[in-house]
Every structure is written in structure tokens, then in C-alpha cells.
Protein chains: 2
Amino acid sequence: MADVAQRAGVTKQTVSNVVRGRTVVSPETRARVEAAIAELGYTPNLVARSLSTGTTMTIGFIVPTIANPFYSEVVEEVEMLLEERGYHLLLATTRGDGDRARRQLATLSNRSVDALLVAGDFDIGEQLSPQSELELPVVLCAWEIDPPDTLPVVTIDYEKAGYLAGRHLRELGHRQVAVIADLPAHRVRVAGVRRAFAEDGITVPDDLVFTAPGATPESGYEAALRALPQLRAAEPVTAVFTSTDAIALGVMEVFRHQGLRVPEDISVVGIDDIPQAAHAHPPLTTVALPKRQMAREATELLWRGIANSRPAAPSLTLLRPEVVPRASSAPPAVH
Amino acid sequence: MADVAQRAGVTKQTVSNVVRGRTVVSPETRARVEAAIAELGYTPNLVARSLSTGTTMTIGFIVPTIANPFYSEVVEEVEMLLEERGYHLLLATTRGDGDRARRQLATLSNRSVDALLVAGDFDIGEQLSPQSELELPVVLCAWEIDPPDTLPVVTIDYEKAGYLAGRHLRELGHRQVAVIADLPAHRVRVAGVRRAFAEDGITVPDDLVFTAPGATPESGYEAALRALPQLRAAEPVTAVFTSTDAIALGVMEVFRHQGLRVPEDISVVGIDDIPQAAHAHPPLTTVALPKRQMAREATELLWRGIANSRPAAPSLTLLRPEVVPRASSAPPAVH
DNA sequence: CTGAAAGCGCTAACAC
DNA sequence: GTGTTAGCGCTTTCAG
């Protein structure tokens, strides 16, 4: 920078002004400086600028994983929004490991990011309270279980997602439903389904609730195998609610192998609306979670936090999920 | 830091030594300093450290998109490897936009990252030559088309992936194959298929090559619809090669709707081995691309580059793909 | 083993 | 409009 200044016959300060596009520089001076920059191939040192300004133009995003299409879509959207404002994305994953989460939080908050977005995995909640004391804007998103009330949270009404799935089945006329869910992580979604049936005085019996740990197609496959005898019991189950589309994919695979037709013999409803849901066989009825909208609102709060250089006031934004009816659900067969 | 030093009755230097775990500090002094740190809640400013050391403990990763499971898996693996060494991940996406790519490259290289990993999209290649002049370790990965020979490149033998798919079909006895590919991006994969058939003196006619832009299930669906008349022509096509599993998913959906049985009437082979391939209907035969291994080797070169504070010597590492036979491919029906 | 001094490259105040 | 003066918070010499 000093070299550029000398070559252009000005001071570093003027070079700085030119680089940052300040309007205080006369056109001639600007031209001279720009020429010098080009000749010397000068490029400003962002770290030095950060030290000086106290701002890094970087925000940290802590997510459980990126392999899950739900999160990768959120991350993609956030990255896009940040880029629009010239911000960068420092990405960290916790993989459901509380220790990792804590470490990630610690490093990122040492003034190396301007703000922090944290997507919720239930075990990270605890570590967060000390964080709020820190002078760093923090926004939480995708917080399914017990969103803290000390920070701004943008999440989805997961209970309602379950409720909508349940009501969809009820409206089709289903009375006997099995549940295959990644418990306890998705307990809120299951509660929603139960509520929908309870409204009509129907109880979902505990022995029709099966767990699919990890919420993968594989876990859904295994859970469906375990569930099979119950599904075919005397009082026939006419529908299956899965807490995730991924689980539904595995469940439907079992049904195909076992000759259970979807939706003729049994309906299937998932949650999420992942890209593959539309191309499943049959296309999967699901409850879409507004991930991109969540990303937008969370980022908006981030900007607000950055503007005030502290977290936005505690708040809870609950986004509304929406049923996407497809071919995997239909009225129960009459018998 | 000065406060901590004063409180512990030492200088900043000693505090620094304690923080960085240097062994030059006497146990008593160390204890005093640590107490002061705890009492004051001191946490080192990483930006200042970076300015001083010239190292940010951050590496940049430029990737076309993260929504595609191929890349998200690579990113996830890279992030894990970085975390092991205490490095952070600055993620940028290009979305196939050359301008964005150039901007991303420019910002990231201004000393704000210690090294740069770039996953290949064909239009980014050009921007990269100026970069190599920069004193920044750069490693390229997933470079399907024309890997530059001026930088270290870790990629997959995509031609061989196509070749293996083709040979798999040949070994099953298929002679007449249609190709549905995201061209021109995947032209190398198609060339591989052609080579496999050419070895047996069989030419894949151009009018059996269909393009599925974007390599999504949707694009595969549409391409398959266009291809249908040809597939049912006089000389029957007994197999379809798709340049990507995602395309195959859409193609198989069309076949189901049209009553074409897979693999009895027609075999389908994809490339990639995305998670859904195993749960497709039927499970998809594919050629697995060693993404995680690619991530590992690329990261290894990154470390080497950082150690020498410049890119590793130009090199080309070609990883070997592998056929994963599943139910979507079988010998052609005799007629 | 500890301390004092100099600087990393840039920006924010002020003067001029 | 442009130049001058101080730092931002840390690390790195180099003496002691």
C-alpha cells in the first residue's frame, strides 16, 4: 500500500480511500492511484482491514451436517444471501457432537466472524447460554426442540407439520395409523400427528410407534420391517406417518418388496419435501418445510444484529409448513 | 491481553506464550496468567493473531453448488479433515457462474485464507491461471474437463467411469445402447461409454444420444420422454446409460409410467452412486465415484502446499471409479 | 525464562 | 481534497 501511495505521489490514506470507493478523492488523483495499483498488482490485505475496522465481513454458520439435503439447502440459500452483501460464509459442522459444537462456538466467536447462525441440534442448546453473554450477534434456526428464549430464533412449526400430516390422513378417512419416526429427535412431529387424530377422538397407540434412528432410508427400511407384523394385524393399519421423507423412502421400499401397494393398501405421508420425494415411487405426499424462507428470515435478523452489533432481541419466528399432496396417500380401502 | 498481563504481573509476551501453550513459561507464572485469563474472561483476538503471523488457519473451498449431493459429500469430508487440524472452512459457491467464480477467487485470495481448494466447473478454468501466480497454495479437485497442468489436481477418472459403465453393459451382452447425458459437461463420461462399445466394434449412434441439461431427475425425465420413440424403434435399444444417477432416477420414472420394465425390458446404468441409488426402484446399477477419497487426497496436497507456502508442484491424481452392480441392469431379453 | 521494542497492513481521526 | 498521527491486538526479534 505504501508502494502504491509513493508511486502515485499520495499517502496511504488516499490509496485507502480509492480502494474503498470513497467519493472524497478527485478524479485525477483517483486515476493516478488506480494506475499505480494496476502496475504494482496491489491487492488489499483483508486481515489488516479487519483488525482495523473490527469487522470481518464473515458470518459463521454451525450446522449439524451438510450431507442432509435439508441443511444443505439452507446453507446454500444462506450463502447466496451473504454473497449479495459481500459477506463470506465460515461453515462448521457438529455432527450431533456436543463437544464439537462447543469448540466450534468458541473459535468462531473470537472476533473472527461478525455474527453467528446456529442450526439446531438438540444437544447444542446448553452450550449456547454463555454465548449470549458474548458481544456477538447470534441467531438460531431450525430449532426443533425447546428453542431458547434468550435469543432470536427462526424455526419451523414442526408440531404443525406433524399435525398437518395427521389431518391430511384424517381427511382421507384414515383411523388406524402407524408412526415411524426418528425419536426422540422428532417427538414434536409425532405429537402433532397425535393431536390431529385426538381431535377426532382417536388415539395413536404406542405399539404402533416405531423408531428409525438417524432418519435415513436405511433406518426407515429396518423400522418398517419391524413394524410389518403390526401393520398386518387383525385391525388393519391403513396409513403410515414417517417423521421424514428419507424414512418414507425406506418404508416404501419394504412395502414394495412385501407386495403392499401404496396407496391402495396403505398410505404413506412424510415430512420435509426433499427433492427426491417428487420422484419417489409413488410420488410421496409430504409436508413441505420452508427451508429457504427460514434462511431468508434468519439472515435478515443477522443483518439487524450486525447493525446494532449485538444479537437482535429474543424472538421466536415460527414458519408455517404446508401439505404437498401426491400419489402416496389416498382414502383407505373399504373392507 | 495487556490487562491480563498487568493482572498477572507479567508482559503481554508471557501471556501470549501461555495462550499458545509454549513450554518456556514457568509453571507458577503460567498458573498466575491462567488465573488472570479466567478472571478477566480473556479470549485472544484471532484476527490480530492472523495479521501478525500471516496465517489465518482457514482454507477456502470454491464449489459449484452444495445442493448436489456429490459436492455436499466432498465438502463434508473436507470440513472434517480441516477440523482435525484446527483449520476452518470458508465456503463459496459459483453456481456455474464464471463471474461469481472470479470474484470468489479474488476475495478469498487476499490473504484471508491460507490455501484454496477449487472444485471444478468447466467455466472456472480460465480464471485460474492468474491465480497460480499468486503466492497462495491452490489445489483443484473434481475437475472433469481439461484439468490445467499448472496446478496440483486431484480428480476422478471420469472417462473410465463411463468406460466401466459401458463395459458392464457389454459384458451383460447389450449391443444397442442409448445415452442420456448432461452434455457438454459430461462429454468425457460419454466418450468412455463409446470406447467400451468401440472395443467390440460397436458404434453408439449419435441419434441415440440425448441431453439432460442440469443433470437432475427432472431433466432426465424430459430427456427420456424425448428418447422414447427411438427406444421403441425397430432395432430395439436394450440399455440406457445415464451420465448421472440423478438423471437415471428421472429416466426410470418415465419407464415405469410407460410400462417398460427395468431391467427386463431395458437396463439402466448411472454414474456417481448417490445415496438414493441404492433405494431406487429398482436399485440402480452405477459407477461409484470415490468422493471422500478425493477429498482426502486433495486436503493432503493442501497441507503440503501450506507447509511450503506455495502450491504443491503441478500433478494429476486420477482416482479410480468402481462399478456397483445392482438390480437395474441385466442381460438383454432374447427375442 | 522474562521484558522491551518494533511492526504486521490497514483505517479513523483530525488537521491542513 | 489531501496528509499526519495514532492505533487495532497480537507476535517476533533480541536483550537481559
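Chain A is the first sequence line, chain B the second, and so forth, proteins listed ahead of strands; every chain is numbered from 1.
- Each of E83(A), E77(A), E79(A) was evaluated against R95(B); a single residue qualifies, E79(A), per the salt bridge (charged side-chain N to carboxylate O under 4.0 Å, His left out) test.
- Applying the 4.0 Å criterion to OP1 and OP2 of dT11(D), one finds that S16(B) has a side-chain N or O inside that range.
- Dashed line: the shortest gap from a side-chain N or O of T14(A) to OP1 or OP2 of dG1(D) is not under 4.0 Å.
- Across dT12(D), dT11(D), dG9(C), the shortest atom-to-atom separation from the side chain of A48(A) is found for dG9(C).
- For R22(B) and dT2(C), the CZ to P distance is 13 Å, given to the nearest whole Å.
- Place T29(A) and L46(B) on DNA chain D by their nearest nucleotides, and T29(A) ends up nearer the 5' end.
- Straight-line distance from the NZ atom of K12(B) to the C1' atom of dC8(D): 11 Å, rounded to whole Å.
- Distance D3(B) CG to dC10(D) P: 10 Å, rounded to the nearest Å.
- Looking at the side chain of T53(A), the nearest of the listed nucleotides dT11(C), dC8(D), dT2(D) is dT11(C).
- The base of dA12(C) sits within donor-acceptor range of the side chain of Q13(A), with an N or O pair under 3.5 Å.
- The interatomic distance linking N45(A) (CG) with dG9(C) (C1') rounds to 6 Å, in whole Å.
- M1(A) places its CE atom 15 Å from the C1' atom of dC8(D), with the value rounded to the nearest Å.
- One finds no side-chain N or O of R32(A) lying less than 4.0 angstrom from the OP1 or OP2 phosphate oxygen of dT2(D).
- When distances are taken from the side chain of S52(B) to each of dT11(D), dC8(D), dG3(D), the shortest belongs to dT11(D).
- Using modelled atom types, one finds no donor on one side chain facing an acceptor on the other under 3.5 Å when comparing Q104(A) with T94(A).
- Put simply, S50(B) has no side-chain N or O that comes within less than 4.0 Å of OP1 or OP2 on dC8(C).
- Within 4.0 Å (heavy atoms only), T11(A) reaches at least one base atom of the nucleic acid.
- Only one option out of T56(B), T55(B), N45(B) pairs with S50(B) in a side-chain contact (heavy atoms from CB on, under 4.5 Å); it is T56(B).
- Regarding N17(B), its CG atom lies at a distance of 9 Å from the P atom of dT12(D), rounded to whole Å.
- Atom P of nucleotide dC10(D) and atom CE of M57(B) are separated by 17 Å, given to the nearest angstrom.
- Between W303(A) and Y87(A), the gap from one ring centroid to the other is short of 6.0 Å.
- Dashed line: the shortest gap from a side-chain N or O of R20(A) to OP1 or OP2 of dT11(C) is under 4.0 Å.
- No donor-acceptor pair under 3.5 Å is formed between the side chain of S52(A) and the backbone N or O of R49(A).
- Using a 4.0 Å heavy-atom distance criterion, V10(A) is classed as a sugar-phosphate-only contact.
- Rounded to a whole Å, the CZ atom of R30(B) is 12 Å from the C1' atom of dC1(C).
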